[in-house]
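Count residues from 1 along the sequence. What you are looking at is a predicted structure, and each value in this text was computed from that prediction instead of being measured.
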Amino acid sequence: MDLVFRDAEVVDGTGGASYRADVAIDGGRIAAIVKEGAAAGCQRPTARRVVDAEGLALSPGFIDMHAHSDLALLRDPDHSAKAAQGVTLEVLGQDGLSYAPVDDRTLAEVRKAITGWNGSGDDIDFDWRTVGGYLDRLDRGIAVNAAYLIPQGTVRMYAVGWDDRPATESERDHMRRLVAEGMEQGAVGMSSGLTYTPGMYAKDAELTELCRVVAGYGGYYCPHHRSYGAGALEAYEEMVRLTREAGCALHLAHATMNFGVNKGRAPELLALLDEALDAGADISLDTYPYTPGCTTLVAVLPSWASEGGPEAVLARLRDDETAERIRHHLEVLGSDGCHGVPMDWDTIEISGVSEATLADWVGRRVDGWATARRLLLEDRLGTTILQHVGHEENVRTIMRHRVHTGGSDGILQGLKPHPRAYGTFPQYLGRYVRDLGVLTLEDCVAHLTSRPAARLGLTDRGRIREGYRADLVLFDPETVGAGATYDSPRTLPPGIPHVLINGEFVMEDGRRTSALAGRSVRRAR
């Protein structure tokens, strides 16, 4: 044997009661589990290395169902932001915007559109254009494993462009082919960002057609739907109805109920989902255990202001008359980019800028449209924000649900990123399990491991079981917690000494090793 964890408290990912056991690893897989008090004659496993796990919990590696590490995994081999949390698998390609499939024009446009999420990419060799090519690039060695969702907004950008209009029949055929090719090359499903352009220009019929393609390959649809504010329940219902018509599994991205109009309304969302689940729908969701959201400043603009792409947005912002129309939509009517809720600038905090000369703005609240317009122009749309619009009671209610999973939605860019990027998974274990008792330890670990593994169709990850891959986390239930705070958002978590991916230590004694044990995780054919 390569390794034995001796006397660990095994939280196996099933949700069942934990138990004390020795867990042996060999060849990157779990080779033996010998429970305390096993029958006489059952010898304790031995190995070249034995780790004393007395007083510590051993669980499957955590699966981040909503990650924005699409370029970070290539740029930063260390990637302690996720490895130190015990994350062993991230799902990329979120919110309908990422870097495959593309042609040269689309790649240039999407890089500009999501600079605030992932940086400009000037430090990346974009030597791929297809989903398969991107996954092959990941297979050269990355810090943690990664799966990929085909981004519907990028697909529309590729086939249709930035126009707010229905796709033609030939354009719909092109989009269907791109989605089918991506699924054949290993994507696990498709994402949308239906408050982001150009994906939001797709009507339900177009989305349903693409979901039928995804369903044909056994994948799932992961929408950032059309509103998390005014009309949120209607937007959730739209996604349930659409996917049921398409026969496609549904995974609701960062399934929050935000803004003042939704305070205390989480039970209404869960009732809607329970009704659909009881009727046979295949639904899951993810959330992060914090109240503020995080996005780009340009994302809050009305959709008409973003038609034509980033350069068209900047041209509209330079024009005083058009800029005044944008302000009116934001502050009076309620922009669709801001979920139909009139803008309260006090809720907007600058978390990152692309232009170094604007760094003094980071950590400050936006004091009105004039400031927002100036930042958008001078930062060329690269500004990221925290949006303080959530409700703690909604967060706690939704995380208890039977189909809930964990997703950080972590944007790693900016001088002051949201602490969820570095703290989501230990925040669940420390604050919401140990300190508040919202979830039991066993139930919480199931939310973070076996449930997402089932959604991804993984048959050898997400549980501690003989023959499963040795993606494992050893942590101290008494000390684990999010080190990251709003003031120090890149602080690594305490209480997680060891993390294994495919049997290799990526965190050892609380320190990042040099191992690049992660690879792409592709949809099973």
Determine, stepwise, if the pair Y221 / M239 fulfils side chain to side chain contact (heavy atoms under 4.5 Å, CB included).
-> CA-CA 9 Å; Y221 181 43; M239 295 297 100; 3.9 Å; yes
Is it the case that R420 places NZ or CZ above or below the six-membered ring of Y290, under 6.0 angstrom from the centre and within 45 degrees of the axis?
-> no
Cation-pi, Y217 ring and R523 (6.0 angstrom, 45 degrees) | no
Would you indicate whether the side-chain heavy atoms of [Y] and [X] approach each other to under 4.5 Å?
X	Y	result
D139	R522	yes
T88	V499	yes
R396	E393	no
L74	L138	yes
S450	T14	no
P223	L250	yes
Y220	L149	yes
M257	L233	yes

Determine yes or no for a side-chain-to-main-chain donor-acceptor pair under 3.5 angstrom, with [X] supplying the side chain and [Y] the backbone.
X	Y	answer
N394	A266	yes
R226	M200	yes
T287	M399	no
N258	G229	no
R490	Y422	no
S335	L301	yes
E307	D164	yes
T405	L285	yes
T424	Y288	no
D70	L92	no

Should Y486 and H418 be marked as a ring pair (Phe, Tyr, Trp, His ring centres under 6.0 Å) after you check the CA-CA gap, both sets of side-chain angles, and the distance that decides it?
-> CA-CA 7 Å; Y486 292 100; H418 196 304; 5.8 Å; yes
R380, CZ atom: more than 12 neighbouring heavy atoms under 6.0 Å | no
Over 12 foreign heavy atoms within 6.0 Å of CD, E268 |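 Count over threshold, so yes.
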Between [atom1] of [X] and [atom2] of [Y], what distance do you get to the nearest 0.5 Å?
X	Y	atom1	atom2	answer
D471	R463	CG	CZ	15.0 Å
H225	S227	NE2	OG	6.5 Å
I350	L415	CD1	CG	11.5 Å
R469	L458	CZ	CG	9.5 Å
D409	C294	CG	SG	7.0 Å
Q152	S98	CD	OG	13.5 Å

Electrostatic pair [X]-[Y], nearest N-O below 4.0 angstrom:
X	Y	value
D346	R365	no
R111	D122	yes
R451	D286	no
R176	E169	yes
R129	D104	yes
D76	K82	no

For residues [X] and [Y], report the shortest heavy-atom separation together with the two atoms involved.
X	Y	result
G219	C248	O-SG, 4.0 Å
Y99	W128	O-NE1, 3.0 Å
P419	A484	O-CB, 3.7 Å
S354	T115	OG-CG2, 3.5 Å
I283	V240	CD1-CG2, 4.1 Å
G93	S191	O-OG, 2.6 Å

Trace of the side-chain hydrogen bond (donor to acceptor under 3.5 Å, both in side chains) decision for H66 with D95 | CA-CA 9 Å; H66 194 105; D95 294 331; 3.3 Å; yes
V110/Y158 under side chain to side chain contact (heavy atoms under 4.5 Å, CB included): CA gap, chis, key distance, verdict | CA-CA 10 Å; V110 78; Y158 191 156; over 6 Å; no
Stepwise side chain to side chain contact (heavy atoms under 4.5 Å, CB included) check, L97 with M157 | CA-CA 9 Å; L97 291 166; M157 195 186 307; 3.8 Å; yes
Residues E90, H79; criterion side-chain hydrogen bond (donor to acceptor under 3.5 Å, both in side chains); working and verdict | CA-CA 12 Å; E90 298 184 275; H79 202 50; 2.9 Å; yes
Step by step, work out the side-chain hydrogen bond (donor to acceptor under 3.5 Å, both in side chains) result for T295 and Y196.
-> CA-CA 10 Å; T295 188; Y196 300 133; 3.0 Å; yes
For Y432 and H447, what are the C-alpha separation, side-chain angles and deciding distance, and is it a ring pair (Phe, Tyr, Trp, His ring centres under 6.0 Å)?
-> CA-CA 13 Å; Y432 288 96; H447 287 226; over 10 Å; no
Using the side-chain hydrogen bond (donor to acceptor under 3.5 Å, both in side chains) rule, take H329 and D336 through it: C-alpha gap first, then chi angles, then the decisive distance, then the call.
-> CA-CA 9 Å; H329 272 80; D336 51 1; over 6 Å; no
Y228 and H224 aromatic ring geometry - parallel, tilted or perpendicular at 30°/60° bounds =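 The arrangement is perpendicular - the two ring planes meet at more than 60°.
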Geometric class of the F259/H339 ring pair [parallel <30°, tilted 30-60°, perpendicular >60°] =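 Answer is tilted, since the angle falls between 30° and 60°.
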Would you check, one step at a time, whether the test side chain to side chain contact (heavy atoms under 4.5 Å, CB included) holds for H388 with E349?
-> CA-CA 8 Å; H388 295 269; E349 178 185 354; 2.8 Å; yes
Do T106 and D103 meet the criterion of a side-chain donor-acceptor pair at a distance under 3.5 Å?
-> yes
